[in-house]
Amino acid sequence: MTATVTSESVDPGEAAQPASARFPDGFVWGSATASYQIEGAAAEDGRGPSIWDTFSRTPGRVHAGHTGDVACDHYHRYRDDVAIMADLGLQAYRFSVAWPRIQPDGTGPVNTRGLDFYDRLTDELLSKGIDPVITLYHWDLPQALESRGGWASRETALAFADYAQIVYGRIGDRVRTWTTLNEPWCSAFLGYAAGVHAPGIQDPAATFRAVHHLLLGHGLATEALRAAGAQTIGITLNPDAVIPVDPTSPADLAAARIADGLHNRIFLDPLIKGAYPDDMRELMARFTPLDFISAGDEKQINQPIDVLGVNYYTPSYVSAKPGQPASPAAPGTEGIDFTKPAGPVTDMNWLIEPAALTLLLERLHNDYGVPLMITENGAAFPDGPAAGSDEVHDTRRIEYIDGHLRACLDAISHGVDLRGYFVWSLMDNFEWAEGYAKRFGVIHVDYATQERRPKDSALWYSDVIRRNGLG
Ligand code: FCB
């Protein structure tokens, strides 16, 4: 079993010369967004507050005090946005449902006006031949649940399964593909360890409880959705391509193994193999009694899934460095350094390394054997229209996506079962702690006027879709 990607095998040149630039027939092409990042209408039609409303209103948490109150105003402009998607020829659209629109208090009464919105959006997509791909949880937890312990509490896992059934009950007759959670690593480790995402807590014990309750919520929801008749069910992770700086150094390899455990195996092993890895149980036990893992929980988490969503942006480099304090986002990583080598980066300062995606996909395929889908990949670059022009020449975004699509082709040519690709993001949006300062869209959004302008990358991507491949 290959636990990590080795820098020896990362050869960026390798990704530049694919044997074939065509994707398999039936490969799905889409784009992705998330509710809090684009919808706005934060206090409309009975929506309750989410942890991101609270967090973004807390001074110092989000760049320049930005909030999702208005965002891209997609709640009101969804018809126009779907029309743009149709113009681009998108086959599928991955969006998330805002739990606080459906159950403003997290549990109990259902707000039908919230369901109405997703019902309308689903019908609009279907009327244009675009397949809706639903994410049930993309980080906007009802604040009422956080106030009762959030993901650190078992109650939230149970509540999530109820909420999933409510949404399914309304649009399950038309939506084929269901994703339970988006990137539970971020919810747990950025939300409860580093505290840089909502709810902004720094508590390792709460972090590991959150990991478990997120996974349990996934398992309970998956079982319920399956019983209700859902066709395709998955979960989206952001598995890390962990690269030991010196693959010949046992200390670096050991460091990489821990980093891989905390980011990847702690989620993938219970999900797909039915048990937490022993080393991660030991690591968690350094911070908290494991009394939150009840008998039968790992079996409950280990529901068959039809697809594993993979969000990939950048790899991690790790090395052993005695005396290094633990990373705030990774309790238990004392003595491990996460410094990345110099290289081309995006506006997020994320290293651009497509070849690491190929190796990551191969590793997931070999170790876990499930069908894969790239549910997010893309890049932040600040390009906007020049004065008096509608054109946005975002060449670096095109290069980024092109490189990563070639990396996908490489993985496919090596036997990886990769079913589709969703570019992050359809349009510029609220980039969490970075507010509106980082632009990931293939559509440019002018936040003052809410005008949308397809960037060059959108037109290029449209061509890729049309020919099911790269030129
Ligand atoms: C992912 C998130 C997504 C977006 C991208 C840039 O971690 O799932 O919402 O913010 O990063």
Side-chain angles (χ1 to χ4, degrees), residues 30-40 50-53 55-56 61-63 66-68 71-72 74 93-99 133-141 151 179-194 196-198 214 218 234-241 263-264 267 308-316 329-330 345-353 356-357 360 373-382 394 396-397 400-401 404 421-443 445 455 457:
S31 72
T33 63
S35 47
Y36 190 74
Q37 295 182 275
I38 63 164
E39 284 179 0
S50 80
I51 55 174
W52 272 95
D53 295 288
F55 191 73
S56 61
R61 295 303 212 170
V62 171
H63 172 83
H66 293 169
T67 73
C72 307
H74 171 76
Y93 174 52
R94 172 178 183 249
F95 62 95
S96 76
V97 175
W99 188 346
V133 172
I134 297 253
T135 302
L136 284 162
Y137 183 73
H138 199 130
W139 305 356
D140 42 0
L141 187 72
W151 287 109
T179 307
T180 53
L181 306 175
N182 176 71
E183 300 190 2
W185 179 86
C186 293
S187 299
F189 288 89
L190 298 183
Y192 293 88
V196 295
H197 277 189
L214 283 153
H218 157 83
I235 180 171
T236 280
L237 304 181
N238 55 329
D240 199 0
H263 208 115
N264 298 329
F267 294 102
L308 175 68
V310 175
N311 292 356
Y312 172 84
Y313 293 91
T314 187
S316 285
V345 294
T346 67
D347 199 30
M348 297 289 279
N349 204 23
W350 291 350
L351 190 68
I352 302 173
E353 204 166 294
L357 173 59
L360 175 66
M373 182 92 106
I374 303 283
T375 38
E376 283 180 31
N377 175 246
F381 288 111
D394 56 338
R396 290 170 295 177
R397 179 170 293 101
Y400 180 99
I401 300 172
H404 287 77
Y421 179 93
F422 289 72
V423 70
W424 183 273
S425 178
L426 175 69
M427 57 185 146
D428 295 335
N429 59 48
F430 176 84
E431 176 46 37
W432 310 113
E434 305 290 343
Y436 299 98
K438 305 294 178 197
R439 293 179 174 272
F440 275 91
V442 296
I443 309 282
V445 176
K455 302 180 189 177
S457 58

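Predicted, not measured: the structure shown is a model, and the values here were computed from it. Only heavy atoms go into these numbers, but all of them, side chains included; no hydrogens, no water, no symmetry mates. All residue numbers in this chain count up from 1 along the given sequence. Every number for a ligand or one of its atoms is a count from 1 in the order of the listing.
- In this structure, OG on Ser35 lies 12.0 Å from CH2 on Trp99, to the nearest 0.5 angstrom.
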- Message: If you apply the rule ring pair (Phe, Tyr, Trp, His ring centres under 6.0 Å), what do you find for His138 with Tyr36, and how did you get there?
- Response: CA-CA 8 Å; His138 199 130; Tyr36 190 74; over 10 Å; no
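- In this structure, CD in Gln37 is found 10.5 Å from CE in Met427, a value given to the nearest 0.5 Å.
- Distances from atom 5 (C) of ligand 1 to the heavy atoms of Phe440, Trp139, Tyr313 put Tyr313 nearest.
- An N or O contact shorter than 3.5 Å is missing between Trp350 and ligand 1 by distance.
- Separating the OG1 atom in Thr180 from the CD1 atom in Ile134 is a distance of 12.5 Å, to the nearest 0.5 Å.
- In this structure, the side chains of Trp185 and Asp240 stay at 4.5 Å or more apart for every pair of heavy atoms.
- With respect to atom 10 (O) of ligand 1, the closest heavy atom belonging to the protein is Glu431 OE1, 2.7 Å.
- The shell of residues lying under 4.0 angstrom from ligand 1, judged by heavy atoms, excludes Asn238.
- Ligand 1 has His138 within reach: a non-hydrogen atom of the residue lies less than 4.0 Å from it.
- In the vicinity of Asn182, heavy-atom distances shorter than 4.0 Å reach the ligand 1 atoms 8 (O).
- In this structure, CG on Leu237 lies 15.5 Å from OH on Tyr312, to the nearest 0.5 angstrom.
- Note: no N/O pair closer than 3.5 Å links Trp424 and ligand 1 by distance alone.
- Of all atoms in ligand 1, numbered sequentially from 1 with element shown, those under 4.0 Å from a heavy atom of Trp432 are 3 (C), 4 (C), 9 (O), 10 (O).
- Using a 4.0 Å cut-off between heavy atoms, Glu376 contacts ligand 1 through its side chain alone, with no backbone atom that close.
- Closest protein heavy atom to atom 7 (O) of ligand 1: Glu183 OE1, 2.6 Å.
- We find the CH2-OG1 distance between Trp350 and Thr314 to be 8.0 Å, quoted to the nearest 0.5 Å.
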